[in-house]
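Keep in mind that this is a model prediction, so the values were computed, not measured.
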Amino acid sequence: MKKLLLASTVLAGMTAAAAAADLPRRAAPPPVFTPVPVFTWTGFYAGFNAGYGFGTGNDRGATVAAVPAAYGVFANPGPQVIAFAGQRSAEGFVGGGQIGYNYQFTPGSGFVVGVEADAQYVDFGRDRNRFLATSPLAAGAAAFNPNGVTGLDYFGTVRGRLGYAFDRTLVYATGGFAYGSGGGRDFGLPNFTRDEFQTGWTVGGGVEYALPTDSFLNFFRSSAVTLKVEGLYVNLDQGNRNNGLFAVGATGIPVALSSTGVTVVSGATSRRNDTEFAVVRAGINYKFGSY
């Protein structure tokens, strides 16, 4: 009897263990999925740029004038002839910085609008108005033709931007207000403007690409680093300032060669050309704000 009870107990235990082994296991919790945020160009940015600028104005016409001996800036006595070849020399390095804000209507791909302001150092065109061929001048004398395009020390723009983003690639057009100053000289002439500040307009376009947030170029821990290539055309109006030819004698006293007695032979105009130039530059921006 005891053996029968023991055998029954063992059999029941084995049956219960087998049944427990067949029960379904408790399901593991599903993995947590964190979606990668879609990139957007919305946000503030600031950065630097550098490039090359070159004159685009039509200023190649020569200016030739017959000058009486009374002006006293020439080495030889008697009437003289002074000539300006009018060659284009406004070209050289351009560099500076920019700040701005973009707003993208739909993250990922979509239209982007923005505004940007920049300030640029300019290193070209300082001597473009100096004479290139003339009768011999007295020692220390110099002659100039302010009808050409003056040089600049700096320029800047305030522009709107409109583009379309293909995820991290932005293609855009831009345009707006432009200003610049410098490159002029004060010779004390009655019609010479000491302040060479000029205003005008600019238009252009470019392509910008956003690098990943963890790019090695992200020194400022911004939400993105963007690289751009941009081209601008700039037109600054100089009005009718500094008309006529003039020279500086050996004693430093200016002489207005456009006074009575000077006969303009060819090419001269009474209006100074606008400052026109194009800029091609590359830049880097650090974006702050949305991803």
Side-chain angles (χ1 to χ4, degrees), residues 46-63 83-100 116-134 142-159 173-187 192-208 227-239 241-242 245-246 248 267 269 271-285:
F48 312 95
N49 69 79
Y52 191 80
F54 49 93
T56 60
N58 182 18
D59 55 351
R60 292 183 179 275
T63 299
F84 300 86
Q87 293 182 350
R88 181 176 299 147
S89 62
E91 58 184 52
F93 172 79
V94 174
Q98 66 274 345
I99 59 173
E116 180 175 295
D118 67 279
Q120 307 291 126
Y121 165 77
V122 180
D123 185 23
F124 60 73
R126 294 179 179 275
D127 295 324
R128 62 180 306 145
N129 297 326
R130 188 183 296 271
F131 73 94
L132 298 179
T134 183
F144 297 86
N145 176 19
N147 288 334
V149 180
T150 188
L152 290 174
D153 292 329
Y154 71 89
F155 81 94
T157 68
V158 179
R159 295 171 283 110
T174 183
F177 174 75
Y179 63 91
S181 183
R185 298 180 61 185
D186 183 4
F187 292 95
F192 192 91
T193 304
R194 181 185 298 270
D195 183 6
E196 283 288 303
F197 188 78
Q198 307 160 42
T199 59
W201 54 275
T202 181
V203 67
V207 179
E208 194 165 358
L227 303 177
K228 71 173 183 178
V229 177
E230 184 177 70
L232 291 178
Y233 167 78
V234 182
N235 185 301
L236 301 178
D237 183 15
Q238 299 190 73
R241 294 175 294 179
N242 309 339
L245 314 177
F246 64 93
V248 177
T269 65
R271 181 182 181 275
R272 190 176 185 181
N273 295 329
D274 292 343
T275 299
E276 300 176 60
F277 60 95
V279 174
V280 178
R281 60 190 182 185
I284 182 170
N285 286 322

Distance, nearest 0.5 Å, that separates CG of Asp153 from CD of Gln120
14.0 Å
Output for pair (Arg281 CZ, Asp118 CG), nearest 0.5 Å, gives 4.5 Å
Hey, could you give me the CD/CD distance between Gln98 and Glu230, rounded to the nearest 0.5 Å?
7.5 Å
Ignoring hydrogens and geometry, is there a side-chain-to-backbone donor-acceptor pair from Thr157 to Phe177 under 3.5 Å?
no
Atom of Gly205, atom of Thr174 and distance for their closest heavy-atom approach
N-CG2, 3.9 Å
Evaluate Tyr52 against Val280 for side chain to side chain contact (heavy atoms under 4.5 Å, CB included), listing each step before the verdict.
CA-CA 6 Å; Tyr52 191 80; Val280 178; 5.6 Å; no
Looking at residues at least two apart in the chain, or sitting in another chain, which of them share a side chain to side chain contact (heavy atoms under 4.5 Å, CB included) with Ala50?
Phe93
Can you name the one residue among Glu116, Glu208, Lys228 that meets side-chain hydrogen bond (donor to acceptor under 3.5 Å, both in side chains) with Asn285?
Glu208
Can you tell me which residue among Val279, Asp123, Leu232 is in a side-chain contact (heavy atoms from CB on, under 4.5 Å) with Val94?
Val279
Would you compute the distance between atom CG of Leu236 and atom CZ of Phe197 and round it to the nearest 0.5 angstrom?
9.0 Å
Do Gln198 and Phe155 touch side chain to side chain, with heavy atoms closer than 4.5 Å?
no
Within-4.5 Å side-chain heavy-atom neighbours: Phe277 and Val234:
yes
As an exercise, state the distance from OG1 of Thr199 to OH of Tyr179, rounded to the nearest 0.5 Å.
12.0 Å
